[in-house]
Amino acid sequence: MDARFLGIAELVEAPSVAVVVDVMRAFTVAAWAFAQGAEKIVLAESLDEALALKARRPDWVALKDGPPAPGFDTVNSPGLLRSIDLGGRTVVQKTTAGTVGALAVKEASLVLCASFVVAEATARLLRTRKSDSVTFVVTGEDGQADEDLACAQYIARRAAGDGADAARFLRRAAESRAAAELAEGVRQGVHPDDVALCLELDRFPFGMVAALEDSLMVLRPCAVPSLADDASI
Ligand SMILES: O=C(O)[C@H](CS(=O)(=O)O)OP(=O)(O)O
Ligand SMILES: [Mg+2]
């Protein structure tokens, strides 16, 4: 498998297969939203679009990164989200990096959104699809965020069927600038457990696929194929 690792600004053409990685915290939060029962997540282009969608559908749950804000129901924190019942709800998510990365590859034929909590499920979806070429979008810090790059490299290794020492990749994420900023309170809308929750390898058994639905980019959980269907195992 040919794996490319690009920042959002480096995406010059729509890849065929894209894995958009945001460990801290958008796609850890998204996985927790599905674990809490959310039906789907609409990835909003802007804060204004998120608020407009919420105004049209007051039953939707609007979520943004940073501090709480009027009109939004919650923030981009797995530690806070895990105590909210989202059964059957639609979440609208707008963040600085993760949602922007997914929207940047909306023309790709397959878009997976990923973090460590869904790493193996994501790798297994790539293996089953037998993708020759995969573009990993490293969403944080102009493609330099080491928590995202480490996760992308780990998934790439697993997708290629190679063994990988997960501890080494998780350590890089734990030592990243994002982890330090979350721990030190530099970032806002944070629960004390957020960093630990973002470093839980394979916490969930599903992958997450984003696709255009009526001009909105919609993220849904995706069951992974059974072991019997995965020839590399
Ligand atoms: O919520 C996050 O951790 C970041 C935004 S910030 O760096 O905290 O302002 O957003 P994400 O898109 O999840 O990286
Ligand atoms: Mg991030």
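Both backbone and side-chain heavy atoms feed into the values below; hydrogens, waters and symmetry mates do not. Read the numbers this way: they start at 1 and go in the same order the structure lists the ligands and their atoms. All figures in this text were calculated on a predicted structure; none of them were measured in a lab.
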message = Among all the protein's non-hydrogen atoms, which is closest to atom 3 (O) of ligand 1, and how far away is it?
response = R25 NE, 2.9 Å

Atom 1 (O) of ligand 1 - nearest protein heavy atom and its distance = N76 ND2, 2.8 Å

message = Give me the nearest non-hydrogen protein atom to atom 12 (O) of ligand 1 as residue plus atom name, then the distance to 0.1 Å.
response = T95 OG1, 2.6 Å

ask   = Does A26, backbone or side chain, put an N or O under 3.5 Å from an N or O of ligand 1?
value = yes

inquiry  = For atom 10 (O) of ligand 1, what is the closest protein heavy atom, and at what distance to 0.1 Å?
reply    = D65 OD2, 3.1 Å

query = Would you say the side-chain atoms of D146 pair up with the backbone N or O of A173, donor to acceptor, closer than 3.5 Å?
reply = no

query = Shortest non-hydrogen contact from G189 to D194?
reply = O-OD2, 4.2 Å

key: T122 side chain to V118 backbone, donor-acceptor under 3.5 Å   = yes

Min N/O separation M24 to ligand 1 under 3.5 Å = yes

Of the listed options D148, T96, V190, closest to atom 9 (O) of ligand 1 (non-hydrogen atoms) = T96

message = Is it the case that the side chain of D148 and the backbone of V23 share a donor-acceptor pair, with hydrogens and angles ignored and the cut-off at 3.5 Å?
response = yes

ask   = Counting only N and O atoms by type, is there a donor-acceptor contact under 3.5 Å from the side chain of T139 to the main-chain atoms of A97?
value = no

ask   = At a non-hydrogen distance cut-off of under 4.0 Å, which region of E181 contacts ligand 1 (side chain, backbone, both, or neither)?
value = neither

task = Indicate yes or no for a side-chain donor-acceptor contact from E10 to the backbone of L6 under 3.5 Å, with no hydrogens or angles considered.
result = no

ask   = Is there a chain of hydrophobic side chains (I, L, V, M, F, W, Y, each step under 4.5 Å between heavy atoms) that links L219 to V117?
value = yes

inquiry  = Using a distance threshold of 2.8 Å, state whether an N, O or S atom of T139 lies below it from the Mg ion (ligand 2).
reply    = no

task = Could you see which bit of D22 sits under 4.0 Å from ligand 1, with heavy atoms only: side chain, backbone, both or neither?
result = side chain

request  = Report the nearest protein non-hydrogen atom to atom 8 (O) of ligand 1: residue, atom name, distance rounded to 0.1 Å.
outcome  = R187 CD, 3.1 Å

query = Would you call D65-R187 a salt bridge at under 4.0 Å N-O?
reply = no

query = Out of the N/O/S atoms in D22, what is the name of the one closest to the Mg ion (ligand 2)?
reply = OD1

